[in-house]
Protein chains: 2
Amino acid sequence: MNTNKYKETRQRELILLILKGTHRHPTADWIYDEARKKIPNISKGTVYRNLAILSERGEIAELNLSGTITRYEIKQPPHYHFRCEQCGKVLDVNIPIAEELNRKAGKETGFKVTYHQLEFRGLCKDCQQSSKKG
Amino acid sequence: MNTNKYKETRQRELILLILKGTHRHPTADWIYDEARKKIPNISKGTVYRNLAILSERGEIAELNLSGTITRYEIKQPPHYHFRCEQCGKVLDVNIPIAEELNRKAGKETGFKVTYHQLEFRGLCKDCQQSSKKG
DNA sequence: TTAGGTGCAAAACCTTTGCCATCCC
DNA sequence: GGGATGGCAAAGGTTTTGCACCTAA
């Protein structure tokens with residue numbers, strides 16, 4: 001049931017490739033900079049439009065957790081994130097999703113809770129190092 | 001060691017009062033509109049500056065969880081939030097914090113995990129109603 | 001008295017959009 | 001061919017900042 005209303009374009013493929021090739025959770029701006037290395041005259045509008053399309057298609061996910069700048073990642077099974085409070089780095093955390101929290105929250109509120117987003121905060125390895133040194 | 005570098009001003013007190021008087025998790029803009037009812041010529045810059053100061057002082061908290069617009073609330077013990085995917089409403093969820101997740105995440109990543117932010121998603125009561133009707 | 005605060009407006013950001021030429025199917 | 005897409009630039013929305021005047025302590 002692929003709704004073939006999309007064409008495959010160099011720009012879109014490049015953006016997807018960039019996201020597949022990084023473990024960062026990059027911002028649109030970073031993706032734009034990377035993309036320009038291959039297609040120098042690609043525009044930011046194109047980057048944003050394609051990120052929106054890829055997100056709608058379900059190929060990538062928007063990470064809106066904390067901070068005002070949206071970050072993106074290749075679509076994966078649900079997982080948690082960690083954000084370093086010092087350097088701002090965002091990383092995946094591979095521990096099981098606490099599904100029971102959804103049930104608890106649903107019972108508490110009477111709402112229909114379908115999922116949750118969670119972001120751990122603290123210091124990453126690098127920043128722990130530099131804290132010790134400092 | 002109280003760094004008494006702050007003065008108490010009408011504007012700041014009003015903003016705090018507004019936040020104390022609501023269970024919404026309002027945006028800066030909503031706070032600004034409310035504030036103008038009492039101090040008509042208060043400026044947005046003042047609202048933003050005071051929200052930043054109150055946040056720094058620990059009297060209020062910034063809610064950056066998902067969405068690009070920052071929301072604010074009076075500082076409370078740590079708690080989770082629920083955001084309705086239909087109407088965008090944000091509410092507190094009073095279930096215990098899953099502290100063990102911090103430990104799990106710390107063990108998994110080797111990072112120093114100090115806390116986590118969690119937002120449930122789904123449909124609130126009102127929107128469940130309208131879904132049934134629709 | 002004076003450091004911090006205010007109002008105003010402009011600037012800075014991030015993101016979206018209009019327009020028209022271009023490209024893919 | 002024709003609708004989807006791209007590039008460009010302007011517009012939009014949120015937040016920050018510079019500046020001159022003001023005010024709480």
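First the proteins, then the strands, lettered A, B, ... as listed; each starts at 1. Being a predicted model, the structure only gives us computed values, none of them experimental. Because only heavy atoms are used, hydrogens play no part in the values below, and waters and symmetry mates are left out as well, while side chains stay in.
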Which distance, rounded to the nearest 0.5 Å, do you find between the CZ of Arg10(B) and the CG of Leu17(B)?
13.0 Å
Roughly, in whole Å, what's the span from CG in Leu51(A) to C1' in dT17(C)?
16 Å
Considering heavy-atom distances to DNA chain C, does Asn50(B) or Ala52(A) have its closest nucleotide positioned more toward the 5' end?
Asn50(B)
Closest to the Thr70(B) side chain: dG5(C), dT5(D), dT15(D)?
dT15(D)
Pair Glu34(A) + Lys37(A): basic N to acidic O under 4.0 Å:
yes
Any chance the side chains of His116(A) and Asn102(A) put a donor and an acceptor closer than 3.5 Å?
yes
Just compare dG7(C), dG6(D), dT15(C) and give me whichever is closest to any side-chain atom of Asn41(B).
dG7(C)
note: Ile39(B), atom CD1; dG7(C), atom P; distance rounded to Å ~ 7 Å
If the helix axis at each end comes from five base pairs, how far does the helix from dT1(C)-dA25(D) to dC25(C)-dG1(D) deviate from straight, to 10°?
40°
On DNA chain D, nearest-nucleotide positions of Arg10(B) versus Thr27(B): which is more 5'?
Thr27(B)
Let me confirm one number: the CG-CZ distance from Leu16(B) to Arg57(B), rounded to the nearest 0.5 Å.
7.5 Å
How long is the straight-line distance from CD1 of Ile95(B) back to CG of Asp92(B), given to the nearest 0.5 Å?
12.0 Å
How long is the line joining CZ of Arg57(B) and P of dG4(C), in whole Å?
13 Å
At under 4.0 Å, does any side-chain N or O of Thr9(B) touch on OP1 or OP2 of dT6(C)?
yes
note: Tyr6(B), atom OH; dG5(C), atom P; distance rounded to Å ~ 7 Å
Tell me: OH of Tyr72(A) to P of dC14(C), nearest whole Å?
12 Å
Rounded to whole Å, please give me the gap between CD in Glu62(A) and P in dC14(C).
16 Å
Tell me if the centroids of the rings in Phe82(A) and His25(A) come within less than 6.0 Å of each other.
no
What's the closest nucleotide to the side chain of Arg12(A) if the choices are dG4(C), dT6(C), dT5(D)?
dT5(D)
Checking Tyr6(B) against Glu56(B): is there a side-chain donor and acceptor pair closer than 3.5 Å?
yes
Establish, with yes or no, whether the OP1 or OP2 oxygen of dC23(C) is under 4.0 angstrom from a side-chain nitrogen or oxygen of Gln11(A).
no
Quick one: side chains of residues 46-55 of chain B, donor-acceptor pairs under 3.5 Å with protein atoms, not counting sequence neighbours, listed by atom name and distance.
from: Thr46(B); atom 1: OG1; to: Ser43(B); atom 2: OG; distance (Å): 3.1
from: Asn50(B); atom 1: OD1; to: Arg12(B); atom 2: NH1; distance (Å): 2.5
from: Asn50(B); atom 1: ND2; to: Thr46(B); atom 2: O; distance (Å): 3.1

Can you check the Lys38(B) NZ to dG7(C) P distance for me, whole Å?
16 Å
Distance-only side-chain donor-acceptor flag, His23(B) / Glu73(B), under 3.5 Å
no
Show each protein N/O and nucleotides 17-22 of chain D N/O combination with a separation under 3.5 Å, one pair to a line.
from: dG18(D); atom 1: O6; to: Arg49(B); atom 2: NH1; distance (Å): 3.2

Counting distance alone, no hydrogens or angles: does the base of dG5(C) have a donor or acceptor under 3.5 Å from a partner atom on the side chain of Lys7(B)?
no
Rounded to whole Å, how long is the line connecting atom CD1 of Ile53(B) with atom C1' of dA24(D)?
14 Å
Quick one: label Asp29(A) by what it contacts on the DNA or RNA (base, sugar-phosphate, nothing), any heavy atom closer than 4.0 Å.
nothing
Full working for salt bridge (charged side-chain N to carboxylate O under 4.0 Å, His left out) between Glu119(A) and Arg83(A)
CA-CA 7 Å; Glu119(A) 184 178 287; Arg83(A) 183 180 304 240; 3.2 Å; yes
